[in-house]
Amino acid sequence: MVTNRAAHLARTVTDAHHILAITFTNKAAAEMRERMQMLGAAEGMTVCTFHALCARLLRVYHDRFGVPRGFTIFDRDDRRKVIKKAIEACDLAADRWQPAMVDAEISRAKNDMLTAATFASQETDWRHATLARIYASYEELLTGMDGLDFDDLLMRVALVLQEDDELRDKLEDRYRYVLIDEYQDTNAAQYTIARLLTRERENLCATGDPDQSIYGWRGANIENILTFEHDYPGAKVVRLEQNYRSTKRILAAADALIAGNTQRKEKTLWTENDEGPPVRVVECEEGNDEASLIARAVTQEISRKTSPDEIAVFYRVNALSRGLEEAFIREGIRYQIAGGVEFYNRKEIKDVLAYLRVLVNPADEVSLLRIINAPPRGIGATTISRLVNKAHSTGRRVFDVLFSDEELAGVGRSSGKVRDFRQLLDKLKTVIDQPVSKALEHVISHSGLRAQYRSTSEADASPAANLDELVSAATAFHQEQPEATIVDWLEQTALISDIDGLDPEAAMVTLMTLHAAKGLEFSVVYIVGLEDGLLPFSRYDEETDEEEERRLLFVGITRAKKRVTLSRVRYRMQRGITERTVRSRFLDELPADQVEWSDDAPKKPKRRSPEVRGELPHDIAEWEVGTLVRHPIHGLGRVLAMHRGKKRTHVDVEFKDGSKRSWVLEFAKLERVDYDEVG
DNA sequence: AATATTCCCGTTTTT
DNA sequence: CGGGAATATT
């Protein structure tokens, strides 16, 4: 839709150079660029996400935006670390002011374009005031490191464009035609940027569906799309109520579900597609049953000539992917997974990137502290904290302390090691002008990281392999963009999203969260975990936006072209404990005539067979720590500890050969031995 | 200082 | 259950 319009504009109305197309993910941007190429209209067009656009603008016009030229983008982990420091700096208890909570609050503030100062000025109560203090401290630390977080990218651009008419005019002239996809998920900062860029010409083409707004939790404001006609009075509104993707029954089910939302503009979807089979709902006993049922269904689907890349499994939380993965491996199904164990989040990868980040931006203290002893080079916690204290007490950067001989003298015995490290950095400094792949190769071999991972790789070879893969990725990057610098590459890797790694062509089934599924389509879709508390998700301490949860399931169902299966489990294990569940209320909202229910109840009741109850030994009264016992296999032993639970008694035993074992006493083949028997 | 071990605690979702 | 952090051990 956006693609076709952009191509049309480029061919008939304007130079592609004047077109800005904003997508929701990098993957969508890449696909759009590709299709644009086929339409012969790609040259010079800007196609990217809001975050990528802002990063680029901040880089190019850094002086106008008031950010350091070589700023580093701090990801969630980096940001958490800085927030922790900020909380400490404010002398607050980390258990009362949890970094995760503070992080979310600051993020929310930034998405609403509230700077630390603005946030502080609207203080209402003590909690807000304290958050404002942390926020201010966080900003100070971040600024000191030449860092910007994800939310800064948007906020900074939005705020400056509001003030700087000259720059805005310049950008407006450059981007005369703006197209935005998934407009229903824009937050205040993104909305502001869009508005400011189209102030003069009002040339904005936005696509979106209020029923698919699922990012409210990160500041997305559904009002942005609802008020579009008011914001752009000249706009032509095209309503797409005909659906070309799904069967009649899938659509009917989705439609009935979303009708449960009260805050909504009525809309009836229709299609000329086939009726199709009913939506299936399956109820299983527990997670493993659900996972293997789906794996079997997928196998069957593939044997019926459905291409694996046309099959997807969605879930509300990433934690549910593990069981599915195991089942898929058992069944021998090839799959790819969005996010989860993200490549760029692995330790070895983050280590290498941290080297580059320090070389490019010496102020990046988070990265510096990460690599100062990685691989281990004899610089321990005490030395590090001395260096940090020295730096902070004199208002300098840790990096500079490393390079000051007089400061280093006061560090103690390990100052030699620190000198070695600084020499290493000095030697590596030259790589920043080389192509990324070369630079990476240099860093990996000279830092000792390769040696470290090679030596420890007997047990697990993947870290070394990941480093190789990183170099390959960088090589590919260099080939595609020979002009790009290391800073560009770091920026790109920082902005990579969960689904970017997925290959739509690969002959693999795709596993992902419902959020990641937005904008995609598959022939056959499975959605697991339709249980109260999971979908709709709820947390005891926070009220849930049930309507957004309903939209989330709506998005999931409407990804499917041919078949949809929803599943739930009667007992769900989470965090090691199994709990009885309640079926999702959403299942009951589906129209009965479009849905086929089935129960995958276990045929043979494996549990609760009465005879395996087990019994305590008749002389239990005599058992205590120190009691001698005999086991038919392990022989003579001594009771180390006994723990009487409500239903079971656990016992730890040490045997003559020194080995220790624990049993549930009711089932253990242990008998008590009297001293005189041993003789 | 480095490694081994235990402890602790889970903000769902993401750029 | 599982990762990361605090803590114990060498």
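Excluded from the calculations below are hydrogen atoms, water molecules and symmetry mates; all remaining heavy atoms, backbone and side chain alike, are included. Chain letters run A, B, ... following the sequence lines, proteins first and then strands; every chain starts at 1.
- Summarising the geometry of A/M32 relative to A/A21, their closest heavy-atom pair is CE-CB, 3.3 Å, with the distance given to 0.1 Å.
- No more than 12 heavy atoms of other residues, nucleotides or ligands shown are found within 6.0 angstrom of CZ on A/R56.
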Side chain to side chain donor-acceptor pair (under 3.5 Å) for A/R568 and A/T581? Distances and angles first, verdict last.
CA-CA 9 Å; A/R568 60 113 6 169; A/T581 70; 3.0 Å; yes
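- Counting all heavy atoms, side chain and backbone alike, A/D103 lies closest to A/R79 at OD1-NE, 2.7 Å.
- Backbone-only contact: A/Y215 has heavy atoms under 4.0 Å from sugar-phosphate atoms and none from a base.
- Counting all heavy atoms, side chain and backbone alike, A/G556 lies closest to A/I527 at C-CD1, 3.7 Å.
- Once you apply a 4.0 Å limit to the heavy atoms of chain A, the touched nucleotides of DNA chain B run 5' to 3' over B/dA1 to B/dT15.
- Between C/dA5 and B/dT12, the two C1' atoms lie 23 Å apart (nearest whole Å).
- Comparing A/L534 and A/T49 along DNA chain B, the residue whose closest nucleotide (by nearest heavy atom) sits nearer the 5' end is A/L534.
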Extract from the structure each pairing of a protein N or O with an N or O of nucleotides 1-6 of chain C at less than 3.5 Å, listing the distance.
none

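- Scanning residues 372-383 of chain A for heavy-atom distances under 4.0 Å to DNA chain B yields A/N373, A/P376, A/R377, A/G378, A/G380, A/A381, A/T382, A/T383.
- Side chains of A/T186 and A/N224: a donor-acceptor N/O pair is present below 3.5 angstrom, by distance only.
- Taking all atoms of both residues into account, the shortest heavy-atom contact from A/L511 to A/E325 is CD2-CG, 4.1 Å.
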Does A/R583 form a salt bridge (charged side-chain N to carboxylate O under 4.0 Å, His left out) with A/E531? I'd like the steps, not just the answer.
CA-CA 5 Å; A/R583 166 194 328 131; A/E531 293 131 41; over 6 Å; no
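- For A/Y215 and A/H515, the ring centers are positioned less than 6.0 Å apart.
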Evaluate A/T207 against A/D181 for side chain to side chain donor-acceptor pair (under 3.5 Å), listing each step before the verdict.
CA-CA 5 Å; A/T207 64; A/D181 208 3; 2.5 Å; yes
